[in-house]
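All ligand and atom numbering here is 1-based and tracks the order in the structure. In this text, all values refer to a predicted model and were calculated from it rather than measured experimentally.
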Amino acid sequence: MKNIVNNYSMIVSVMILILVTSCKSESKFKFIPLDKAEYETTIDGKKVGLFNLENKNGLTVQITNYGGRIAALWVPDRDGNFKDIVTGYDSIEGFIGNTNYFNGIIGRYGNRIARGKFTLNAKEYSLAINNAPNSLHGGNVGFDHAVWNVERSTKDSLILTYLSPDGEEGYPGNLSVKVIYSLNDSNELKIDYQAETDAPTVVNLTNHAYFNLAGHDNGDILGHILMINADKFTPVDSTLIPTGEITDVAGTPFDFRIPAAIGERINADDRQIKYGMGYDHNWVLKKTGNEMSLAAKVEEPVSGRVMEIYTTEPGIQFYAGNFLDGTIMGKDSTSYKYRHAFCLETQHFPDSPNQEDFPSTVLNPGETYRTSTIHKFMCK
Ligand code: BGC
């Protein structure tokens with residue numbers, strides 16, 4: 001029986017290898033990238049703009065240094081038609097007012113810290129409670145609302161830096177952060193995060209891109225097929241703080257080891273699903289250390305677009321857009337409705353500063369925080 005299963009999975013893997021190919025690069029329908037002029041402004045005396053990365057296949061990423069946000073991501077489908085596959089706005093004003101963290105760099109701490117409190121070296125720190133009763137994604141003004149310094153911008157990379165002062169949003173230590181976006185000709189968008197501090201602190205950086213592989217204006221994401229490379233996840237309480245348990249996904253709606261449609265079990269009669277109002281949880285990635293490894297893979301069957309995510313991080317937050325409610329008016333007059341986009345945020349686990357058994361998020365002076373995530377685009 002075991003042999004039959006092994007042979008079967010080998011055949012499936014070979015079929016997937018054959019079916020997942022590069023996308024046609026010649027665009028049948030030319031796309032019009034976001035207008036850079038609509039992103040040029042000055043905030044707190046700092047210049048804000050839009051920077052384009054483009055590879056030989058025409059894949060184009062448009063990033064603003066306001067929050068390091070990915071404003072647009074143009075990816076071909078199996079026939080070579082390009083679509084913008086992230087939520088966003090036609091101009092910078094939208095991002096300034098956005099409270100859903102659309103496609104920004106999240107820091108100093110991605111996801112929740114219980115009751116906005118943690119203790120480090122016997123000292124208690126208090127953070128803003130911006131997601132009652134907890135602190136979420138760095139507080140009231142997280143890194144996604146900071147104006148980042150543009151250290152270098154070329155056709156294939158953008159280097160952003162930000163100095164988060166000691167005490168900002170309640171976090172200790174001057175934290176010097178560098179985020180490098182780079183795009184290669186294998187359709188890989190890589191994000192490298194680095195940080196150094198002058199006093200002990202906690203750090204957990206990620207990017208909060210909201211994807212819809214059919215196109216940002218193309219309806220719900222329930223038909224996307226998702227694989228998450230994890231045997232376990234971290235269940236939460238009713239305020240979405242991990243209970244500290246690390247639970248097997250087997251036999252639960254959280255089992256995405258075998259690819260399944262996002263919508264298949266999203267409304268299951270399950271307490272964890274109820275707490276998240278769908279999926280809004282951290283999966284514990286299957287890996288041995290902090291090596292770069294496959295975390296998730298998403299396929300959109302109609303367009304054929306496929307995205308693989310690789311990371312050095314131990315976890316990934318899969319959030320299915322459960323709080324999108326159609327009130328946001330975005331690019332091309334699109335209103336982003338319930339579950340019209342999903343996020344896969346590579347990260348350390350939520351609330352790690354209060355959870356002794358989770359991998360540590362403490363950064364000390366003299367150490368360098370380094371993590372990397374790759375989004376690779378293909379077609380099927
Ligand atoms: C969180 C959600 C939150 C969302 C905000 C996700 O990372 O887990 O609970 O609503 O970010 O956009």
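Every atom of ligand 1 with a heavy atom of Q317 under 4.0 Å away is listed here by number and element: 8 (O). Against a heavy-atom cut-off of under 4.0 Å, N111 is close to the following atoms of ligand 1: 1 (C), 7 (O), 8 (O). Taking every non-hydrogen atom of N100 and a distance limit under 4.0 Å, the qualifying atoms of ligand 1 come out as 12 (O).
Look at D192 and K178 and you find no salt bridge, because none of the NZ, NE, NH1 or NH2 atoms lies under 4.0 Å from a carboxylate O. Electrostatic pairing of K155 and E54 does not count as a salt bridge here, judged by no charged N lying under 4.0 Å from a carboxylate O. A salt bridge is absent between D220 and K337; no separation between the charged side-chain nitrogens and carboxylate oxygens falls under 4.0 Å. Using a 4.0 Å cut-off between charged nitrogen and carboxylate oxygen, K331 and D90 do not count as a salt-bridge pair.
Side-chain contact of N174 with E168: a donor-acceptor pair under 3.5 Å is absent, judged by distance alone. Remark: the T361 side chain and the S352 side chain contain no N/O donor-acceptor pair separated by less than 3.5 Å.
By the neighbour-count criterion of 12 heavy atoms within 6.0 Å, atom CZ of R271 is sparsely surrounded, having that number or fewer from other residues, nucleotides or ligands.
If you check which protein heavy atom lies closest to atom 10 (O) of ligand 1, you get F323 CD1, 3.1 Å. Protein heavy atom at the shortest distance from atom 3 (C) of ligand 1 is R112 NH2, 4.0 Å. The protein heavy-atom contact nearest to atom 9 (O) of ligand 1 is D280 OD2, 2.4 Å. For atom 7 (O) of ligand 1, the closest heavy atom belonging to the protein is E345 OE1, 2.7 Å. For atom 12 (O) of ligand 1, the closest heavy atom belonging to the protein is Y210 OH, 2.5 Å.
If you look at N131 next to ligand 1, there are no close heavy atoms at all, none under 4.0 Å.
Taking only non-hydrogen atoms, the option from Q347, H208, M277 nearest to atom 11 (O) of ligand 1 is H208.
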